[in-house]
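Not measured: the values here are computed from a predicted model. Order of the sequence lines fixes the chain letters, A, B, ..., with proteins taken first and strands second; residue numbering starts at 1 for each chain.
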2 protein chains.
Amino acid sequence: MNKRVTMKDIAEKLGVSKVTVSKALKDSPDISSSLKEKIIKTAQEMGYIYNAKGRMLRENLTYSIGVISSEKYYGKDDYFYIDLYKHLSNSLEKLGFTTTFNIISQSDENDLSVPNALLEQKVDGVVILGQMSLDYIQKILSYNYPTVFLDFYCDKFNVDCVITDNFYATYEITNMLIEQGHTQIGFVGNIYATSSIQDRFLGFYKALLENKIDLNKDWIIKDRDDNNNFIDIILPKNLPTAFVCNCDKTAYLTIEKLKSRGYKVPDDVSVVGFDDSLHAVLSQPKITTVRVNLEEMGRRTAKMMVEKIKQGEKHYGKMLIKGKIIIRESVKALK
Amino acid sequence: MNKRVTMKDIAEKLGVSKVTVSKALKDSPDISSSLKEKIIKTAQEMGYIYNAKGRMLRENLTYSIGVISSEKYYGKDDYFYIDLYKHLSNSLEKLGFTTTFNIISQSDENDLSVPNALLEQKVDGVVILGQMSLDYIQKILSYNYPTVFLDFYCDKFNVDCVITDNFYATYEITNMLIEQGHTQIGFVGNIYATSSIQDRFLGFYKALLENKIDLNKDWIIKDRDDNNNFIDIILPKNLPTAFVCNCDKTAYLTIEKLKSRGYKVPDDVSVVGFDDSLHAVLSQPKITTVRVNLEEMGRRTAKMMVEKIKQGEKHYGKMLIKGKIIIRESVKALK
DNA sequence: CTGAAAGCGCTTACAG
DNA sequence: CTGAAAGCGCTTACAG
């Protein structure tokens with residue numbers, strides 16, 4: 001492992017200069033095709049593997065992106081962020097980049113402990129995947145890498161972000177319920193807990209407004225406390241005919257709660273979720289939900305990041321990616 | 001971003017040499033503590049960030065490990081490998097390493113497409129996380145990086161591995177059932193599908209042998225085909241009093257199947273699983289299972305990897321990590 | 001305790 | 001079409 005073949009070795013073997021080898025291996029038009037062929041063949045025979053460490057130093061660029069994410073997004077029932085990571089890193093691969101991935105523990109987040117990759121300039125840019133504490137984000141930003149927030153935004157910092165169009169998606173799914181005859185619709189989610197939930201709520205609210213349906217405050221139900229810990233869902237005395245839930249887990253818990261009170265879903269109450277997570281499929285009935293376009297989000301983030309690095313920190317602002325409604329069994333039409 | 005402060009800048013500012021700066025920043029005893037202090041202070045003031053690219057080239061070491069894993073382990077109900085990744089990369093961080101993470105798509109695995117990190121020597125070693133196709137593994141090994149297999153082994157290649165002690169864990173959990181009075185015990189899992197399932201079966205079998213309980217072939221039930229695709233579980237006419245399932249998902253499906261046939265779990269039949277995955281908790285009743293010690297597996301893999309790199313490819317062989325039985329509700333004692 | 005020299009593997013700008 | 005020179009940011013071995 002320790003003694004790898006270098007361009008110099010190939011050059012010496014063929015009696016050419018290493019500049020020529022370098023150019024041939026990157027298929028430069030400078031080199032005659034016959035020589036190119038010979039060099040490529042010899043490189044293969046000698047077991048040459050390109051060593052990016054030289055280029056890294058020369059260009060002061062690692063062609064590597066650091067992805068940073070909080071461990072709280074990788075619990076047993078969170079499929080979402082690992083899938084998003086997969087799409088992001090695959091897109092980066094195609095652009096010639098590698099990806100380092102740090103799942104930050106709660107204690108490291110509290111201690112503002114920064115991954116080695118950023119401490120030692122082993123990445124050219126940073127993607128923060130999912131909301132983290134403001135202090136932690138600030139700490140990361142203090143290293144001055146080109147940065148993109150993925151799946152969240154934060155107006156406190158003027159950082160580009162790629163997010164799913166939460167507002168529009170709940171607007172659409174609420175409209176779907178209204179078209180199916182529902183006029184008494186509740187929302188389940190703590191609208192102060194995260195900006196995603198807030199936006200989803202506002203999309204829900206816009207659909208009501210457009211259809212001149214009153215917002216009943218008793219039908220806005222908390223699913224978690226302000227620190228994002230799930231709490232027991234308390235059903236109102238008078239039930240609406242449908243609930244829009246801020247996420248599938250909450251939809252699942254809402255359905256369980258309704259069932260435990262003797263209600264049937266969707267016969268008595270319709271329920272919709274968000275995320276298309278495992279809960280949507282394991283629930284009985286299976287939950288009609290919104291599938292976020294993770295592939296598109298990953299691709300756009302990768303492209304944005306690479307452009308920022310190569311073209312000197314362009315600004316993009318907020319990029320919204322549309323989701324898609326997935327129809328399952330948890331909604332009943334009233335007309 | 002582009003013009004970062006370097007050691008040279010600090011040296012010039014203070015009128016010392018960059019060797020002195022380098023030594024001071026790594027707290028070498030060569031430098032007087034007063035000068036050291038001055039250099040560290042100036043570095044901070046100037047916003048110096050250590051640039052590992054220089055060291056990488058010098059030492060031909062990136063202090064980075066590539067983790068490669070198949071996308072099939074990151075489905076909606078797989079929590080396992082991302083957790084293992086987290087522990088592994090956290091352990092590597094503590095040893096001063098960064099981790100690149102590639103989730104290989106099925107098509108890339110078929111095409112033997114290798115991550116950029118390996119193509120360009122951007123890592124010092126490789127961890128393959130979870131079984132992949134032999135061809136793909138062979139391709140990866142052809143790059144001659146120090147390699148560790150994590151959570152699987154393959155006698156075809158003489159590569160070090162860190163695996164959970166599947167054999168011993170099902171041996172233990174089967175013994176637990178026997179101690180609780182069960183003598184009619186089945187196994188659910190295709191024992192030809194993976195080496196893990198095979199080892200788990202053999203641990204089960206050993207417990208039977210030790211207790212002079214006959215192995216009833218009708219009670220060895222397939223949960224998947226030989227390509228690892230889950231199939232409908234077919235219950236035998238005469239049921240045993242307990243099933244040892246090769247994983248929680250299978251335990252979950254077995255319980256669902258039993259319930260649909262009118263049996264009660266654990267009153268009529270006890271069921272145990274393996275992995276302590278989401279299925280174990282979402283199932284009703286919750287499943288008694290084996291929790292694998294992912295933290296220990298990550299830590300041992302990290303240590304092994306770093307030692308191989310620094311001490312020149314030591315060999316370790318097969319390292320077995322013990323799991324732990326988690327008692328829940330799906331087992332009833334018969335005495 | 002401090003520093004000048006050499007070099008890691010590559011690429012770019014330039015000369016021929 | 002080919003190559004000599006310079007340099008990216010660091011560290012090690014050595015001289016003083």
Participant: NA contact type, B/Asp30, heavy-atom cut-off 4.0 Å: base, sugar-phosphate, or nothing?
Facilitator: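 Base, at least one base atom sits under 4.0 Å.
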
Participant: Nearest-Å distance, CD (A/Glu37) to P (D/dC1)?
Facilitator: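 Result: 14 Å.
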
Participant: Check this one for me: any side-chain N or O of A/Tyr50 less than 4.0 Å away from OP1 or OP2 of C/dT11?
Facilitator: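 Yes, such a contact exists.
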
Participant: By nearest atom, which of the nucleotides C/dT11, C/dG3, D/dT12 is closest to the B/Glu59 side chain?
Facilitator: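 Output: D/dT12.
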
Participant: Using a cut-off of strictly less than 4.0 Å, decide whether B/Ser22 has a side-chain nitrogen or oxygen near OP1 or OP2 of D/dT11.
Facilitator: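 B/Ser22 to D/dT11 OP1/OP2: side-chain N or O found under 4.0 Å.
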
Participant: Whole angstroms only, please: what is the CG-C1' distance between A/Leu25 and C/dC10?
Facilitator: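 Rounded to the whole Å, the gap is 11 Å.
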
Participant: Expressed as a whole number of angstroms, how long is the span from B/Lys18:NZ to C/dT2:P?
Facilitator: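 Rounded to the whole Å, the gap is 18 Å.
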
Participant: Hey, which sits more toward the 5' end of DNA chain C by its nearest nucleotide, B/Leu35 or B/Arg58?
Facilitator: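 By nearest-heavy-atom nucleotide position, the 5'-most residue is B/Leu35.
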
Participant: Across all strands shown, which nucleotide pairs with D/dA4 by Watson-Crick or G-U wobble geometry, both distances under 3.5 Å?
Facilitator: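 WC or wobble partner does not exist here.
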
Participant: A/Lys26 NZ to C/dC10 C1': how many Å, rounded?
Facilitator: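 In whole Å, C/dC10 C1' lies 9 Å from A/Lys26 NZ.
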
Participant: Please find out if less than 6.0 Å separates the ring center of B/Tyr85 from that of A/Phe101.
Facilitator: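 For B/Tyr85 and A/Phe101, the ring centres are under 6.0 Å apart.
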
Participant: Less than 4.0 angstrom from a charged side-chain N to a carboxylate O is my criterion; do A/Arg300 and A/Glu296 meet it?
Facilitator: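 Answer for the salt bridge query: yes.
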
Participant: A/Asn60 has an atom CG; how far is it from atom C1' of C/dG9, in whole Å?
Facilitator: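 For the pair A/Asn60 CG and C/dG9 C1', the rounded distance is 15 Å.
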
Participant: Roughly how many Å is it from CG in B/Leu14 to C1' in C/dG3, rounded to a whole number?
Facilitator: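 It works out to 15 Å between those atoms.
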
Participant: If you define the side chain from C-beta out and look only at heavy atoms, does anything of A/Asn116 sit under 4.5 Å from B/Tyr63?
Facilitator: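 The answer is no; the side chains never approach within 4.5 Å.
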
Participant: Does B/Tyr48 have a side-chain nitrogen or oxygen under 4.0 Å from the phosphate oxygens OP1 or OP2 of D/dC10?
Facilitator: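 Indeed, a polar side-chain atom of B/Tyr48 lies that close.
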
Participant: When the distance from CZ of B/Arg55 to C1' of C/dG7 is rounded to whole Å, what number comes out?
Facilitator: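 Result: 17 Å.
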
Participant: State whether the number of non-hydrogen atoms from other residues, nucleotides or ligands found under 6.0 Å of A/Lys13 atom NZ is greater than 12.
Facilitator: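 For A/Lys13, atom NZ is not crowded (no more than 12 foreign heavy atoms under 6.0 Å).
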
Participant: Could you state the atom-to-atom distance from CZ of B/Arg4 to P of D/dC8 in whole Å?
Facilitator: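 So the CZ-P distance, B/Arg4 to D/dC8, works out to 17 Å.
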
Participant: Nearest of D/dT2, D/dT12, C/dT2 to any side-chain atom of A/Thr20?
Facilitator: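 The nucleotide sitting nearest to the side chain is D/dT2.
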
Participant: Would you mind telling me which of D/dC8, D/dC1, D/dT11 lies closest to the side-chain atoms of A/Ser32?
Facilitator: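 Of the candidates, D/dC1 comes closest.
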
Participant: Looking at every strand, decide which applies to B/Lys23 at a 4.0 Å heavy-atom threshold: base, sugar-phosphate, or nothing.
Facilitator: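 Counting heavy atoms under 4.0 Å across all strands, the contact made by B/Lys23 includes a base.
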
Participant: Identify which one of A/Met304, A/Met297, A/Met319 satisfies the side chain to side chain contact (heavy atoms under 4.5 Å, CB included) criterion when paired with A/Leu150.
Facilitator: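 Going through the options one by one, the only one that passes is A/Met297.
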
